[in-house]
Structure formats: C-alpha cells, structure tokens
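Working notes for the structure below.
Treat the numbers as computed from the prediction; the structure is a model and nothing was measured.
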Amino acid sequence: REAPPAESPMADGAKPQVDAIFFVGWPDRFHIAERYADEVLMHEPDITDSDRLLLESLRSQANHGPCTGARPSIWDKEAMARWSSWRQLKNMSKPEAMNMYVRAVGELRSEWWRWPPLGLVDEEEDGTQAPAAPGAEDEDGAQAEAAGRGDASGEDGQSMEVSSSEQP
C-alpha cells in the first residue's frame, strides 16, 4: 500500500482523530446522550423551548413508544404542547427515536460526548489530547519532546519541519 501524497493531512503519519462516541453501541449511546441532556443541555439558557420539546418527545418515544395517553385539558398549555409533540411522532420505532434523539443532541452541541463525566475521553484541562507517554518514540526513533513543550522548534527558535520523504 502506498503512502499518502505529501499534501494529504495524513502525510506526516498522524492518525485520523476518531470520535469516541462512535465506539459506543446502541442503546448505550442513547442513554449517554440522555445523561448529557439531563445534566447539562436542558439547563443551558440558549436551548429554546422548541428544542426542549423535541428532545422530550423523542425521549418519550424512545423509552415508551407511541403516545397512548389521554389528551390533556386545553387549558393546560404546557401539557398540551408535550402531548401534541409526542403524539406527532406516531408510530416511529424506538430505535429510530433513539437515533434521532442522539442526532438532535449532536445538532445542539456537536461535541457533547467530550463532557468529562461521561468518561468517553481523557480529562485534560486545556481540552487537548493527552500527551505522548514519557519515553515514547516517534517513527524516527527520537523521543517525543515536542509534546511536552507544545512546539517543534530548534535551538535557534526556528520551527522545524520533517517531510515524509526524509523518513528511512
């Protein structure tokens, strides 16, 4: 298999970043999204009432199936809105509702799964990936010192670049 072309983002040998949530199966992914929505998302001021209503309806459909409850009083506007929203989902399957719920959470917060209490990513204060382990060696056999400094500069302060053609 040939190496990627030099202009490719993978030319330096870096591995593509894969979202940790894609390694979580169903229905666990749905339950993780539920936890995030309960503990974080629903408490944020920029989430609209219609967003909350959608999430609540999809969650009800995913957990209980189609709405079979009696129509609430017309005078109870909030209960009527919740009932009507859930009722509109009709016979949507539970797995489809779970999928749509996770997608809706992702639309509202694209990196919701990075929330540290979910345990899907390592906790780092600055939000970056964990540095390489001490003593880890790169492809050229040199220790990964740049990870600790945050740069790859030489003694004169100039940045150093290593092209893929210089590798043995």
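- Counting side-chain heavy-atom gaps under 4.5 Å among Ile, Leu, Val, Met, Phe, Trp and Tyr, Leu53 is found in no cluster with other residues.
- Distance alone, capped at 3.5 Å, is enough to place a donor-acceptor pair between the Ser60 side chain and the Glu56 backbone.
- In this structure, CG in Asp49 is found 12.5 Å from CG in Leu54, a value given to the nearest 0.5 Å.
- Residues Gln61 and Tyr101 are not in side-chain contact: their nearest non-hydrogen atoms beyond the backbone lie 4.5 Å or more apart.
- Atom-to-atom distance recorded for Lys94:NZ and Phe30:CZ is 10.0 Å, nearest 0.5 angstrom.
- Side-chain atoms of Arg29 do not come within 3.5 Å of backbone N or O of Val102 as any donor-acceptor pair.
- Here the closest heavy-atom approach between residue Ala104 and residue Leu55 is recorded as CB-CD2, 3.8 Å.
- Interatomic distance, SG of Cys67 versus CG of Asn91, reported as 11.5 Å (0.5 Å rounding).
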Verdict with supporting geometry, Trp113 and Val105, side chain to side chain contact (heavy atoms under 4.5 Å, CB included): CA-CA 10 Å; Trp113 54 270; Val105 169; over 6 Å; no

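- No more than 12 heavy atoms of other residues, nucleotides or ligands shown are found within 6.0 angstrom of CZ on Arg103.
- No side-chain donor-acceptor contact under 3.5 Å links Asp51 to the backbone of Ile47.
- Note that CD of Glu39 and CD of Glu34 are 11.0 Å apart. Values are rounded to the nearest 0.5 Å.
- Between Ala97 and Ala62 the shortest heavy-atom distance is CB-N, 3.6 Å.
- A donor-acceptor pair is defined here as one N or O able to donate and one able to accept, closer than 3.5 Å; such a pair exists between the side chain of His43 and the backbone of Asp38.
- Put simply, CG on Leu120 and CD on Glu111 are 12.5 Å apart, with the number rounded to the nearest 0.5 Å.
- Here the CE-CZ distance, from Met42 to Arg59, works out to 7.5 Å after rounding to the nearest 0.5 Å.
- In Glu107, the CD atom is not crowded: 12 or fewer heavy atoms of neighbouring residues, nucleotides or ligands sit closer than 6.0 Å.
- Between Tyr36 and Trp115, the ring planes lie perpendicular to each other; the angle is over 60°, past the 30° to 60° tilted range.
- Heavy atoms from other residues, nucleotides or ligands lying under 6.0 Å from CE of Met98 number more than 12.
- Contact annotation: the side chain of Glu44 approaches that of Val40 to within less than 4.5 Å [non-hydrogen atoms, C-beta and beyond].
- By the 6.0 Å contact criterion, CG on Asp46 is enclosed, its count of non-hydrogen atoms from other residues, nucleotides or ligands being greater than 12.
- Under the 4.5 Å side-chain heavy-atom criterion for Ile, Leu, Val, Met, Phe, Trp and Tyr, Leu41 and Val121 are members of the same hydrophobic cluster.
- Residue pairs meeting the side-chain hydrogen bond (donor to acceptor under 3.5 Å, both in side chains) criterion with at least one partner in residues 67-79, sequence neighbours excluded, are Glu78-Arg82.
- In this structure a side-chain-to-backbone donor-acceptor pair under 3.5 Å is missing from Trp86 to Pro66.
- The shortest side-chain heavy-atom distance between Trp26 and Pro95 does not fall under the 4.5 Å cut-off.
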